**Student:** 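The structure under discussion is supplied below as structure tokens; questions concerning it will follow.
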Amino acid sequence: MADTHIPGTIRPGGRTARVRETVLQTAGDVLAELGFEALDLAEVARRAGVGKTTVYRRWGTPGALAADLLDDMAAQSLPRADTGSVEKDLRANAQLVVKTLTDPRQGRLFKALIAASLCNEQAAEALHRFYAKRIAEWAGCITDAIQRGELPDGIDASSVISAVSAPLYYRLLNTGGPLTEADANRAAAAALAAARAGAWSTNR
């Protein structure tokens, strides 16, 4: 039977898993330092101390490598907050976004991966999967809040979570201004106010 796997999507264990971990860590370093345009498979192999043939056979293209890195990040991402309060949960979500985007390595890495998604289809699809997974994880904050009576029935949970991080990414990518905890708290408060007002009601 022909191998129908997309390069970089197989997740075996043992030595191969260790090689994958090393290569993905190195790829993340290159992306954070130099951007997607500098993500050269031969250079990643050299930095990682892995055979060039292994890297080319497993990933094939920079886009496939960036996509696998995003899938790995999604798999290892932190679980959502569960404080018992929708206000605190959304604030925790926004603060996590700000913490990630202002981290010296992670902030540059996310910028590079977003840039990759604009010019590479595999990276774009992986970025969409990454955010879909994160939004689905945090959407439980909203469904729990509805069950507790903190929000009205019929709220689209994913839209609320998306609204928390949207202004933070906009500030990072479009205005270039610094991101602070105050920005996180404002983003969470605005999304919560809109949700309480029925902005994302599916009953309309």
Side-chain angles (χ1 to χ4, degrees), residues 6 9 11 63 66-103 106-107 109-204:
I6 297 171
T9 61
R11 300 176 182 275
D68 195 26
L69 176 59
L70 276 162
D71 288 338
D72 186 65
M73 291 165 62
Q76 297 188 41
S77 54
L78 295 172
R80 71 171 178 92
D82 187 7
T83 67
S85 161
V86 66
E87 181 178 3
K88 291 179 180 178
D89 285 350
L90 294 185
R91 192 179 300 150
N93 176 254
Q95 290 173 354
L96 178 60
V97 171
V98 167
K99 180 180 179 181
T100 300
L101 296 181
T102 56
D103 179 85
Q106 290 298 100
L109 176 57
F110 269 101
K111 284 183 179 180
L113 289 169
I114 291 169
S117 75
L118 299 176
C119 61
N120 184 274
E121 185 176 350
Q122 280 182 286
E125 291 174 354
L127 188 67
H128 297 159
R129 289 194 299 271
F130 175 87
Y131 284 115
K133 182 177 178 65
R134 297 309 295 147
I135 289 171
E137 171 72 21
W138 282 85
C141 298
I142 305 304
T143 55
D144 286 353
I146 292 171
Q147 292 176 356
R148 291 192 299 263
E150 291 182 275
L151 291 173
D153 289 337
I155 295 292
D156 183 74
S158 295
S159 294
V160 180
I161 299 303
S162 297
V164 173
S165 59
L168 302 174
Y169 277 97
Y170 183 89
R171 186 171 180 83
L172 175 78
L173 298 172
N174 289 22
T175 71
L179 282 170
T180 66
E181 184 176 346
D183 293 318
N185 294 340
R186 279 193 293 269
L192 180 56
R196 284 172 169 163
W200 295 287
S201 174
T202 60
N203 296 325
R204 290 183 173 183

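Predicted model only: the values in this text are computed from it and were never measured.
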**Student:** Please determine if E87 and R91 form a salt bridge, counting it only when a charged side-chain N lies under 4.0 Å from a carboxylate O.
**Tutor:**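 A salt bridge links E87 with R91.
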**Student:** Would you check, one step at a time, whether the test side chain to side chain contact (heavy atoms under 4.5 Å, CB included) holds for D71 with R129?
**Tutor:** CA-CA 8 Å; D71 288 338; R129 289 194 299 271; 2.9 Å; yes
**Student:** First locate atom OG1 of T100, then atom CG of L172, and finally report the distance between them rounded to the nearest 0.5 Å.
**Tutor:** 11.0 Å
**Student:** Please give me the minimum heavy-atom distance between A123 and L70, naming the atom from each residue.
**Tutor:**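 Taking A123 first and L70 second, the nearest heavy atoms are O-CD1, 3.8 Å.
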**Student:** Ignoring hydrogens and geometry, is there a side-chain-to-backbone donor-acceptor pair from T202 to G154 under 3.5 Å?
**Tutor:** yes
**Student:** Which atoms form the tightest heavy-atom contact between L151 and A195, and what is the distance?
**Tutor:**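 Where L151 meets A195 most closely, the heavy atoms are CD2-CB, 4.1 Å.
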**Student:** Let me confirm one number: the CD-OG1 distance from Q147 to T143, rounded to the nearest 0.5 Å.
**Tutor:**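 Rounded to the nearest 0.5 Å, the CD-OG1 separation comes out at 6.0 Å.
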**Student:** Could you go through L101 and K111, starting from their C-alpha distance and side-chain angles, then the distance that decides it, and tell me whether this counts as side chain to side chain contact (heavy atoms under 4.5 Å, CB included)?
**Tutor:** CA-CA 9 Å; L101 296 181; K111 284 183 179 180; over 6 Å; no
**Student:** Identify the two heavy atoms, one from C141 and one from D89, that lie closest to each other, and give their separation to 0.1 Å.
**Tutor:**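 Closest pair (atom of C141, atom of D89, distance): SG-CB, 3.6 Å.
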**Student:** Answer yes or no: is there a side-chain heavy-atom contact under 4.5 Å between L90 and I161?
**Tutor:** yes
**Student:** For D144, give me all partners under salt bridge (charged side-chain N to carboxylate O under 4.0 Å, His left out), at least two apart in sequence or on another chain.
**Tutor:** R80
**Student:** Over all heavy atoms of both residues, which pair between G198 and I155 is shortest? Give the atoms and the distance, please.
**Tutor:**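 Taking G198 first and I155 second, the nearest heavy atoms are CA-CD1, 4.3 Å.
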**Student:** Compare every heavy atom of V86 with every heavy atom of A145, then report the nearest pair and how far apart it is.
**Tutor:**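 Residues A145 and V86, closest heavy atoms: CB-CB, 3.5 Å.
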**Student:** Given side chains that start at C-beta, do those of W138 and L96 come closer than 4.5 Å, heavy atoms only?
**Tutor:**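 Yes - at least one pair of side-chain heavy atoms lies under 4.5 Å apart.
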**Student:** How are the rings of F110 and Y131 set relative to one another: parallel (under 30°), tilted (30 to 60°) or perpendicular (over 60°)?
**Tutor:**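 It falls in the tilted class, 30° to 60°.
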**Student:** Report the distance from atom CD1 of I135 to atom OG of S162, rounding to the nearest 0.5 Å.
**Tutor:** 3.0 Å
**Student:** Before you tell me yes or no, could you show the steps for D103 and K99 under side chain to side chain contact (heavy atoms under 4.5 Å, CB included), namely the whole-Å CA-CA distance, both residues' side-chain angles and the distance that decides it to 0.1 Å?
**Tutor:** CA-CA 6 Å; D103 179 85; K99 180 180 179 181; 5.9 Å; no
**Student:** To check you understand the geometry: which heavy-atom pair defines the closest contact between L78 and R134, and what is its length?
**Tutor:**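 Nearest pair, atom of L78 first, then R134: O-NH2, 2.7 Å.
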**Student:** Can you measure from CG (L127) to CE (M73) and round to the nearest 0.5 angstrom?
**Tutor:** 9.0 Å
**Student:** Return yes if a side-chain donor-acceptor contact under 3.5 Å exists between T180 and D183, otherwise no.
**Tutor:**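 Yes, a side-chain donor-acceptor pair sits under 3.5 Å.
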**Student:** Would you say that L113 contacts F130 through its side chain, given a criterion of any heavy-atom pair below 4.5 Å between the two side chains?
**Tutor:** no
**Student:** May I ask you to decide if A67's main-chain N or O and Q122's side chain share a donor-acceptor pair within less than 3.5 Å?
**Tutor:** no
